[in-house]
Protein chains: 2
Amino acid sequence: MDKVFNALAHETRRQILDFVMQNAGALSGDITAQFEVSRIAVSKHIKILERANLLIIEKSGRERLHYFNPMPIQAIYDRWTDAYSQFFAPKLNAFKTEIESTEEAHEKTA
Amino acid sequence: MDKVFNALAHETRRQILDFVMQNAGALSGDITAQFEVSRIAVSKHIKILERANLLIIEKSGRERLHYFNPMPIQAIYDRWTDAYSQFFAPKLNAFKTEIESTEEAHEKTA
DNA sequence: ATTATATGTAACCAATTGGTTACATATAAT
DNA sequence: ATTATATGTAACCAATTGGTTACATATAAT
């Protein structure tokens with residue numbers, strides 16, 4: 001789970017996920033072509049995503065085909081919404097209002 | 001958005017969120033008491049969470065009261081599920097099966 | 001058989017991160 | 001007025017991160 005959060009904490013890696021999602025089976029080279037940084041840099045990002053199980057790689061000859069795996073994100077979401085359920089239900093709007101009025105009060109004091 | 005992902009990419013910071021969520025209005029000192037690291041280290045983590053808008057701070061005299069703000073996470077989730085909706089719907093199971101068979105095939109080759 | 005392509009690994013480096021100690025300040029309690 | 005408490009800031013440091021170049025290997029194409 002820590003690996004997933006860490007993997008998602010970099011813009012390039014999130015973009016790689018976006019790209020692979022829309023281009024299932026993309027090769028390393030296809031992914032590299034999307035970015036300005038070197039092939040090696042992209043390769044490292046892919047490795048981090050792979051270790052977080054966000055990408056699944058299929059080898060075919062000298063090529064590597066990449067597939068997006070949504071399950072770790074689903075797992076995080078499940079844990080998250082469960083833990084934070086009190087905030088994601090009707091109570092949300094009340095909370096919003098409370099925070100906003102708190103902030104207004106704060107601004108007046110500041 | 002990058003700030004939010006980065007803020008979530010550290011175990012201690014996720015634990016701070018958990019704690020503040022269940023202890024709305026907690027003081028800096030209350031949060032510090034939950035961890036082994038120094039007050040300063042915790043303070044830095046809090047600052048990162050604050051800048052990501054995941055914590056809202058209300059000053060009261062010499063104290064700082066902390067409140068969890070779920071909205072950035074909600075925003076991420078909205079963006080995420082929208083972008084990845086093709087995977088979070090009925091298709092999910094088909095995809096899972098596809099990946100699993102792919103992996104089996106891969107294991108046999110390896 | 002030779003050449004081109006797809007990818008991997010090693011060594012290195014600057015920037016960022018996560019932590020520390022030491023010192024400072026503002027409010028509350030006595 | 002003095003002391004204790006809650007929090008802030010500065011300077012520093014080791015570890016991690018994100019990138020690079022140089023070299024290597026395995027498969028596909030000619």
Side-chain angles (χ1 to χ4, degrees), chain A residues 1-20 23-52 54-67 102 105-106 108-110, chain B residues 1-20 23-52 54-67 102 105-106 108-110:
Chain A
M1 168 145 287
D2 190 55
K3 280 180 189 172
V4 179
F5 277 112
N6 271 295
L8 294 174
H10 195 282
E11 176 64 20
T12 302
R13 289 195 290 269
R14 293 194 297 272
Q15 287 175 3
I16 290 175
L17 282 191
D18 285 341
F19 178 76
V20 170
N23 299 272
L27 307 185
S28 308
D30 298 334
I31 300 173
T32 296
Q34 306 301 311
F35 300 94
E36 304 262 285
V37 294
S38 74
R39 176 179 67 85
I40 317 297
V42 173
S43 162
K44 285 185 180 180
H45 285 308
I46 291 173
K47 202 165 289 171
I48 289 167
L49 290 166
E50 190 185 354
R51 292 203 176 124
L54 286 162
L55 284 185
I56 289 172
I57 283 141
E58 186 187 354
K59 286 198 75 168
S60 162
R62 65 182 167 178
E63 298 176 327
R64 286 159 47 96
L65 296 98
H66 299 71
Y67 299 93
T102 295
H106 184 204
K108 274 171 201 155
T109 347
Chain B
M1 170 145 285
D2 190 53
K3 279 181 190 172
V4 179
F5 276 113
N6 271 295
L8 293 174
H10 195 282
E11 176 64 21
T12 301
R13 289 197 289 268
R14 293 195 296 273
Q15 286 175 5
I16 290 175
L17 281 190
D18 286 341
F19 178 75
V20 171
N23 299 271
L27 307 185
S28 308
D30 299 334
I31 300 172
T32 298
Q34 307 299 311
F35 301 94
E36 306 260 285
V37 295
S38 74
R39 176 178 66 86
I40 318 298
V42 172
S43 162
K44 285 186 181 179
H45 285 308
I46 290 174
K47 202 165 289 172
I48 289 166
L49 291 166
E50 191 186 353
R51 292 203 176 123
L54 286 162
L55 284 185
I56 288 171
I57 284 141
E58 186 187 354
K59 286 198 75 167
S60 161
R62 65 182 168 180
E63 299 176 327
R64 284 158 47 97
L65 295 100
H66 299 72
Y67 299 92
T102 296
H106 184 205
K108 273 170 200 155
T109 349

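By convention in this document, chain letters (A, B, ...) are assigned in the order of the sequence lines, proteins followed by strands, and residues within each chain are numbered from 1.
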>> Could you spell out the base pairing of DNA chain C as a dot-bracket line? Use Watson-Crick and G-U wobble contacts where both distances are under 3.5 Å, [ ] for crossing pairs, | for partners on a different strand.
In response: ||||||||||||||||||||||||||||||
> Does any non-hydrogen side-chain atom of Ile48(A) lie less than 4.5 Å from one of Arg13(A)?
Replying inline: yes
>> Considering only residues two or more places apart or on different chains, which pairs with a residue in residues 23-43 of chain B satisfy ring pair (Phe, Tyr, Trp, His ring centres under 6.0 Å)?
In response: none
>> What is the separation between atom CD on Gln15(A) and atom C1' on dG18(D), rounded to the nearest whole Å?
In response: 15 Å
>> Show every salt bridge (Lys or Arg N to Asp or Glu O under 4.0 Å) that has at least one partner inside residues 28-50 of chain A, sequence neighbours left out.
In response: Glu50(A)-Arg64(A)
> Whole Å only: how far is the CD1 atom of Ile48(B) from the C1' atom of dG18(C)?
Replying inline: 8 Å
> How long is the gap from CG on Asn23(A) to CG on Asp18(A), to the nearest 0.5 Å?
Replying inline: 10.5 Å
> In Å, rounded to the nearest 0.5 Å, how long is the span from CG of Leu49(A) to CD1 of Ile31(A)?
Replying inline: 8.5 Å
> OP1 or OP2 of dT9(D) sitting under 4.0 Å from any side-chain N/O of Lys47(B)?
Replying inline: yes
> Under the side-chain hydrogen bond (donor to acceptor under 3.5 Å, both in side chains) test, which residues partner His66(B), sequence neighbours left out?
Replying inline: none
>> I need the CD-C1' distance between Glu63(A) and dA4(C), as an integer number of Å.
In response: 14 Å
> Roughly, in whole Å, what's the span from NZ in Lys59(A) to C1' in dA6(C)?
Replying inline: 10 Å
> In whole angstrom, what separates Arg64(A)'s CZ from dT9(C)'s C1'?
Replying inline: 13 Å
> Whole-Å distance between dG18(C) C1' and Asn6(A) CG?
Replying inline: 13 Å
> Can you tell me how far C1' of dG18(C) sits from CD1 of Ile16(B), to the nearest Å?
Replying inline: 12 Å
> Could you state the interatomic distance from CG (Leu27(B)) to CZ (Arg62(B)), rounded to the nearest 0.5 Å?
Replying inline: 10.0 Å
> Phe5(A): what forms a ring-ring contact (aromatic ring centres under 6.0 Å, His included) with it, not counting sequence neighbours?
Replying inline: Trp80(A)
> Does Ala41(A) have any side chain to side chain contact (heavy atoms under 4.5 Å, CB included) partners at least two apart in sequence or in another chain, and if so, which?
Replying inline: Val37(A), Ser38(A)
> How close or far is atom P of dG18(C) from atom CG of Asp2(A), stated in whole angstroms?
Replying inline: 11 Å
>> So, using side-chain hydrogen bond (donor to acceptor under 3.5 Å, both in side chains) as the criterion, who are the partners of Arg14(A) when residues are at least two apart?
In response: Glu11(A), Asp2(B)
> What is the per-nucleotide protein-contact pattern of nucleotides 19-30 of chain D, from the 5' end, where B denotes a base atom under 4.0 Å from a protein heavy atom, S denotes such proximity for sugar-phosphate atoms only, and - denotes neither?
Replying inline: BBBB----BS--
> Contacts to DNA chain D from residues 27-35 of chain A, heavy-atom cutoff under 4.0 Å, which residues?
Replying inline: none
> Quick one: NZ on Lys3(B) to CG on Asn6(B), what's the gap to the nearest 0.5 Å?
Replying inline: 10.5 Å
